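This report refers to the structure that appears directly beneath it.
Predicted model, so just to flag it, every value in this text is computed and none were measured.
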Amino acid sequence: MKKNIIAMNASIMIGLGSILAAPSVYAESISDLEKQKESIQEKRSGVESNISDTEKKIDNLQDKQMTAEDQIAAIEAKIADSTKKIDAKNAEISQTKKEIEALKEEIKVLKERIAKRNEVLKERALSFQETGGDVNYLEVLFGSSSFGDLVDRVGAVATIAEADRDILKEHELDKKDLEEKQNAVETKLASLEVAKAELLEIQKQQKQQKQEKDALVKKLKQQTEKHEHEKMGLEEEKANLAAQEKAIKSAISLEHQRLAELEAARKKAAAEAKKRAEQEAAQAAAQAASQKASESKKQSTSSGYSAKSNSSSSSSQASSNVSQAPAPAPAPAVSSGTFTRPSAGYVSSTMGERWNKQHAGIDIAASGTVPVVAAADGVVSRSYFSSTYGNVVFVTHSIGGQQWTTVYAHLSSRQVGEGAVVAKGQQVGIMGNTGHSFGQHLHFELHKGAWNYSKSNAVNPLNYIPN
């Protein structure tokens with residue numbers, strides 16, 4: 001029984017037909033499997049190299065991100081410093097404006113004072129114009145009543161002249177002081193405004209630099225996330241390739257065992273046939289001298305024995321064939337052809353672009369408890385829970401020397417584990433809504449070759465399974 005199961009497993013894995021085929025045919029299939037194994041190993045090596053390159057890219061991006069963040073911190077410190085300086089300039093400008101307002105009040109007083117002096121000077125100018133600008137000292141002299149009065153009159157004239165000179169002097173000083181104060185305050189205010197404008201320009205440049213660095217950090221983060229996602233996909237691809245390599249090795253081992261058992265059975269059958277032939281030859285030689293009737297009886301007995309032996313062998317072979325027949329799947333019905341339909345239901349989404357991404361398979365939707373079956377004979381290379389696929393089963397097939405991979409995703413439950421040998425139509429799970437899914441359905445992918453992250457080997461399942 002154990003030998004029969006091993007032979008059945010090997011037959012399921014490589015799909016090469018009858019277990020009684022010539023050994024050379026199976027040897028060729030083993031060679032194909034060895035080539036597939038080597039191809040998977042090369043792909044694994046390439047994926048590992050890509051993972052290493054991606055990790056270097058991530059490290060480089062993270063270094064750039066840290067550098068940019070340090071630069072942003074430095075720029076923010078400069079912005080804070082320039083803000084303090086701008087606040088200080090604003091305070092000085094505010095104080096200067098207050099000084100200007102106070103100066104305006106002084107200017108108002110000065111203007112009033114100047115206006116009054118102007119009136120006095122106008123009167124003096126009018127008097128000078130009427131008298132020609134000269135003082136008639138004879139009138140002052142002869143108009144006096146006494147010498148003392150003369151002295152008083154001369155002193156009064158001198159005092160008036162001195163007062164006029166003082167008024168003119170003060171008038172000029174006030175004007176000059178007013179002009180100096182106005183110039184000083186206006187110069188100070190203009191200087192402060194220029195300094196503030198320069199600080200604002202510096203701060204504007206600093207904020208622009210910060211925006212550029214923020215944009216750079218955002219871009220670096222997006223690139224890092226992209227590479228991290230790519231790395232996760234590559235690691236998943238690596239795991240799948242490792243599982244497929246394991247499945248291929250298992251198939252090779254099973255096929256070697258099957259061939260060894262077949263060769264042992266062939267040698268045993270040949271030895272038994274040779275032994276029977278020698279026995280029959282010996283019996284024929286010993287009975288040559290006997291009577292024909294006795295010889296005929298002996299030959300008849302020997303022929304009957306041979307027929308009985310052949311009948312027993314045929315019966316044993318039929319029993320072996322019956323034990324190897326896979327149990328029929330409950331649903332859907334197994335179709336002829338290379339691949340059968342993996343589940344009942346209707347195709348709710350075909351292969352192609354969807355939501356700006358490549359939909360690498362088809363979706364089959366149905367309600368209730370819907371069995372999902374293997375599309376062809378194969379070995380389960382992976383059976384696990386994925387954040388995107390949900391409960392998912394990967395099956396590796398080798399059909400006519402070509403490796404295929406089928407994917408059954410979003411299952412509510414999985415009924416086979418990694419390394420399990422499955423027959424076409426054998427149930428592998430129940431249709432569900434796990435992972436990144438919206439509503440109960442089966443996401444089914446068919447890859448001509450190994451599954452990879454970019455899904456470059458994906459083919460349209462509708463071209464291979466019954467609709």
* Any luck finding a side-chain donor-acceptor pair between N433 and S437 under 3.5 Å? -> yes

* Does the side chain of N90 pick up a donor-acceptor pair with the side chain of S94 at under 3.5 Å? -> no

* Report yes if some heavy atom in the side chain of L442 is under 4.5 Å from a heavy atom in the side chain of L411; otherwise report no. => yes

* To do: Locate the shortest heavy-atom distance separating G345 from A366; write the atom from each residue and the value.
  => CA-CB, 3.8 Å

* To do: Take the angle between the ring planes of F339 and W404 and call it parallel below 30°, perpendicular above 60°, tilted in between.
  => perpendicular

* Asked: Does the salt bridge (Lys or Arg N to Asp or Glu O under 4.0 Å) test come out yes or no for K85 and D81, once each step is laid out?
  -> CA-CA 6 Å; K85 290 180 179 179; D81 182 62; 3.5 Å; yes

* For residues S343 and M431, report the shortest heavy-atom separation together with the two atoms involved. => OG-CE, 3.5 Å

* Minimum heavy-atom distance I93-K196, with the two atoms named -> CD1-CD, 3.7 Å

* Any side-chain heavy-atom pair from L234 and T54 closer than 4.5 angstrom? -> yes

* Within a strict 4.5 Å, meaning less than it, do heavy atoms of the V428 and R414 side chains meet? -> no

* Q440 and S367: side-chain hydrogen bond (donor to acceptor under 3.5 Å, both in side chains), yes or no, with the steps? -> CA-CA 7 Å; Q440 177 172 297; S367 59; over 6 Å; no

* Asked: About how many Å separate NZ of K89 and CG of L192, when rounded to the nearest 0.5 Å?
  -> 6.0 Å

* Is the backbone of G429 close enough, under 3.5 Å, to the side chain of S413 for a donor and an acceptor to pair up by distance? -> no

Which donor-acceptor pairs under 3.5 Å do the side chains of residues 58-77 make with protein atoms, sequence neighbours left out?
{"residue": "Q65", "atom": "NE2", "partner": "E69", "partner atom": "OE2", "Å": "3.3"}
{"residue": "T67", "atom": "OG1", "partner": "D63", "partner atom": "O", "Å": "3.0"}
{"residue": "Q71", "atom": "OE1", "partner": "K213", "partner atom": "NZ", "Å": "2.6"}

* Asked: Is the closest side-chain donor-acceptor distance between Y346 and S348 under 3.5 Å?
  -> no

* Non-hydrogen side-chain atoms of V347 and D363 separated by less than 4.5 Å -> no

* To do: Considering non-hydrogen atoms only, spot the tightest contact between H447 and W451 and give its length.
  => NE2-CD1, 3.2 Å

* **Residue pair H397 / D377, side-chain heavy-atom distance below 4.5 Å** => no

* Assess whether side-chain hydrogen bond (donor to acceptor under 3.5 Å, both in side chains) is satisfied between T83 and Q203, documenting all intermediate values. => CA-CA 8 Å; T83 300; Q203 190 178 66; 2.6 Å; yes

* Structure fact -> To the nearest 0.5 Å, atom CD of Q427 lies from atom CD of Q415 at 4.0 Å

* Does D214 come within less than 4.0 Å of K210, counting only side-chain N to carboxylate O? -> yes

* **CZ-CD1 distance between F444 and I364, expressed to the nearest 0.5 angstrom** => 7.5 Å

* Asked: Angle class for the F394/Y389 ring planes (parallel below 30°, perpendicular above 60°, tilted otherwise)?
  -> perpendicular

* Structure fact -> Looking only at heavy atoms, the pair that brings N391 and S412 closest together is ND2-O, 3.4 Å

* To do: Would you give the length of the straight line joining atom CG of L200 to atom CD1 of I86, rounded to the nearest 0.5 angstrom?
  => 4.5 Å

* **Polar side chain donor-acceptor pair, H436 to S387, under 3.5 angstrom** => no

* Asked: When rounded to the nearest 0.5 angstrom, what distance separates OG in S456 from CD in Q358?
  -> 11.5 Å

* Reported CD-to-CD distance for the pair Q208 and Q205, which is rounded to 0.5 angstrom -> 9.5 Å

* To do: Using atom types as modelled and distance alone, determine if a side-chain donor or acceptor of T224 lies under 3.5 Å from a backbone N or O of L220.
  => yes

* Check: V393 and R382 side chains under 4.5 Å, non-hydrogen atoms -> no

* **Of all pairs that satisfy salt bridge (charged side-chain N to carboxylate O under 4.0 Å, His left out), the ones with a partner from residues 450-460, not counting sequence neighbours** => E445-K455

* Considering residues at least two apart in sequence or located in another chain, which fulfil the side chain to side chain donor-acceptor pair (under 3.5 Å) criterion with N457? -> none

* Structure fact -> A333 and T340 have their tightest heavy-atom pair at O-OG1, 3.6 Å

* Asked: Side chains of Y384 and V392: does their closest heavy-atom pair fall under 4.5 Å?
  -> yes

* Heavy-atom side-chain proximity of V395 to T405 below 4.5 angstrom -> no

